[in-house]
Trainee: 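What follows is a single structure, and I will ask about it in a moment.
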Amino acid sequence: MRPLKMLLAGTVVSARIWNPISSQVWANSDNNKIATAIQTLKQSEQHWIQINLSKQNLTAWEGNKPVYAITTSSGKGSTPTRIGTFKIQTKQKKSRMRGRGYDVPNVPHTMYYQGVYAIHGAYWHNKFGTPVSHGCINLAPNHGKWIFEWADIGTPVVIQ
């Protein structure tokens, strides 16, 4: 994308013009960063979490060894899950989640990895394998508990 300076009511504002060619290059760059992160993590002995949005699954890894794999529900089309590499920032056994059109108390085993985005148990639906969330990664409560107990703050999370 090329930056564009615009004058609005006497104020200079930076904007961007969408360019499909450079967007594709950025997407490829993100894919390369994710692939590099996965390769690096597989060469370590570190715990890490991989989330595949197209397959709606989560795999817990210890280096190059998968130790747990489960079906998830990620963000729906209007509220997609962010793609990239993250780290678990905070963990809460129970959390209240609020946003536009929802207010859910006692969300179990919540692990925030970027701002309001989290991996957590979901007791309010049984549509795992289908994108239904507001951007988070939903797990059945028993699976949410397992991954919560296994992962530490700082555990890498790769979402692709």
Trainee: Using the side-chain contact (heavy atoms from CB on, under 4.5 Å) rule, take Ile83 and Ile34 through it: C-alpha gap first, then chi angles, then the decisive distance, then the call.
Mentor: CA-CA 9 Å; Ile83 294 171; Ile34 290 169; 3.5 Å; yes

Trainee: Should Ile147 and Tyr123 be regarded as members of a common hydrophobic cluster, given that ILVMFWY residues are connected when their side-chain heavy atoms come within less than 4.5 Å of each other, either directly or indirectly?
Mentor: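 No: no chain of side-chain contacts under 4.5 Å links Ile147 to Tyr123.
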
Trainee: Cluster question for you: counting only ILVMFWY and a side-chain heavy-atom cut-off of under 4.5 Å, with indirect links fine, are Ile70 and Val132 together?
Mentor: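 Hydrophobic grouping puts Ile70 apart from Val132.
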
Trainee: Here's one to test your reading of the geometry: is the NZ or CZ of Lys91 within 45 degrees of the ring axis of Phe148 and under 6.0 Å from its centre?
Mentor: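 The answer is yes, since Lys91 meets both limits relative to Phe148.
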
Trainee: If hydrophobic clusters are built from ILVMFWY residues whose side chains come within less than 4.5 Å, do Leu53 and Ile119 share one?
Mentor: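 Shared cluster, yes.
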
Trainee: Nearest 0.5 Å please: distance from the OH atom of Tyr117 over to the OG1 atom of Thr79.
Mentor: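 That separation rounds to 8.0 Å.
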
Trainee: Determine the minimum heavy-atom distance between Gly75 and Pro131, stating which atoms define it.
Mentor: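 Looking at all heavy atoms of both residues, the shortest contact is O-CB, 3.3 Å.
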
Trainee: Ignoring hydrogens and angles, tell me if any N or O in the side chain of Thr72 forms a donor-acceptor pair with the backbone of Asn138 under 3.5 Å.
Mentor: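 No; zero donor-acceptor contacts below 3.5 Å.
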
Trainee: State, with a plain yes or no, whether a side-chain heavy atom of Gln46 is found less than 4.5 Å away from one of Pro156.
Mentor: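 Gln46 vs Pro156: side chains touch.
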
Trainee: Which heavy atom of Phe128 sits nearest to which heavy atom of Leu139, and what is that distance?
Mentor: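 Looking at all heavy atoms of both residues, the closest pair is CE2-C, 3.3 Å.
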
Trainee: Could you measure the distance from the CG atom of Leu58 to the OG atom of Ser74? Nearest 0.5 Å is fine.
Mentor: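 Going from CG on Leu58 over to OG on Ser74, the span is 11.0 Å.
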
Trainee: Would Arg96 and Asp103 count as a side-chain contact (heavy atoms from CB on, under 4.5 Å) here? Give the steps.
Mentor: CA-CA 7 Å; Arg96 181 175 200 135; Asp103 183 357; 2.8 Å; yes

Trainee: At their closest point, which heavy atom of Arg82 faces which heavy atom of Phe86, and how far apart are they?
Mentor: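 Scanning both residues completely, I find the closest heavy atoms to be O-CE1, 3.9 Å.
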
Trainee: Please work out whether the ring planes of Trp150 and Trp146 are parallel, tilted or perpendicular, with thresholds of 30° and 60°.
Mentor: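 Rings of Trp150 and Trp146: parallel, under 30°.
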
Trainee: Hydrogens and angles aside, do Ser73 and Gln56 bring a side-chain donor and acceptor to less than 3.5 Å of each other?
Mentor: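 There is no such pair (donor and acceptor under 3.5 Å, judged by atom type) between the side chains of Ser73 and Gln56.
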
Trainee: Please report the shortest heavy-atom distance between Gly77 and Pro80, naming the atom on each side.
Mentor: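 Nearest pair, atom of Gly77 first, then Pro80: O-CD, 3.6 Å.
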
Trainee: To check you understand the geometry: which heavy-atom pair defines the closest contact between Trp48 and Thr155, and what is its length?
Mentor: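 Trp48 and Thr155 have their closest heavy atoms at CA-CG2, 3.9 Å.
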
Trainee: Decide whether Ile49 and Val67 are clustered together by the hydrophobic rule: side chain heavy atoms of Ile, Leu, Val, Met, Phe, Trp, Tyr closer than 4.5 Å, transitively.
Mentor: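 They do share one cluster, since a chain of ILVMFWY contacts under 4.5 Å joins Ile49 to Val67.
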
Trainee: If I take atom NZ from residue Lys76 and atom NZ from residue Lys127, how far apart are they, to the nearest 0.5 angstrom?
Mentor: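 Result: 9.5 Å between the selected atoms.
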
Trainee: For the pair Gln50 and Gln160, evaluate side-chain hydrogen bond (donor to acceptor under 3.5 Å, both in side chains) and give the outcome as yes or no after the intermediate values.
Mentor: CA-CA 8 Å; Gln50 181 178 29; Gln160 61 190 108; 2.8 Å; yes

Trainee: For the atom pair SG (Cys136) and CE (Met97), what is the distance rounded to the nearest 0.5 Å?
Mentor: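 Between Cys136 SG and Met97 CE, I get 4.5 Å after rounding to 0.5 Å.
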
Trainee: Is a side-chain N or O of Thr81 found less than 3.5 angstrom from the main chain of Gly135, in a donor-acceptor match?
Mentor: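 Pair found, side chain donor or acceptor close to backbone of Gly135.
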
Trainee: Using side-chain heavy atoms (C-beta onward) and a distance below 4.5 Å, is His134 in contact with Arg100?
Mentor: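 Not in contact.
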
Trainee: When rounded to the nearest 0.5 angstrom, what is the spacing between CD in Gln92 and OH in Tyr112?
Mentor: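 So the gap between those two atoms works out to 5.0 Å.
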
Trainee: Kindly work out whether a path of hydrophobic side-chain contacts (I/L/V/M/F/W/Y, heavy atoms less than 4.5 Å apart) joins Ile137 to Tyr68.
Mentor: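 Yes: a chain of side-chain contacts under 4.5 Å links Ile137 to Tyr68.
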
Trainee: Is the closest side-chain heavy-atom distance between His109 and Met111 below 4.5 Å?
Mentor: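 No, every pair of side-chain atoms sits at 4.5 Å or beyond.
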
Trainee: Less than 4.5 Å apart, side chain to side chain, heavy atoms only: is that true for Thr85 and Val157?
Mentor: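 The answer is no; the side chains never approach within 4.5 Å.
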
Trainee: Surrounding CD of Glu149 (heavy atoms of other residues, nucleotides or ligands, distance under 6.0 Å), is the total greater than 12?
Mentor: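 Yes, enclosed.
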
Trainee: Could you state the interatomic distance from OG1 (Thr130) to NE2 (His125), rounded to the nearest 0.5 Å?
Mentor: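 Thr130 OG1 to His125 NE2: 9.0 Å, rounded to 0.5 Å.
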
Trainee: Nearest heavy-atom pair of Gln89 and Ile153: which atoms, and what distance?
Mentor: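 Here Gln89 and Ile153 meet closest at O-CG2, 3.5 Å.
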
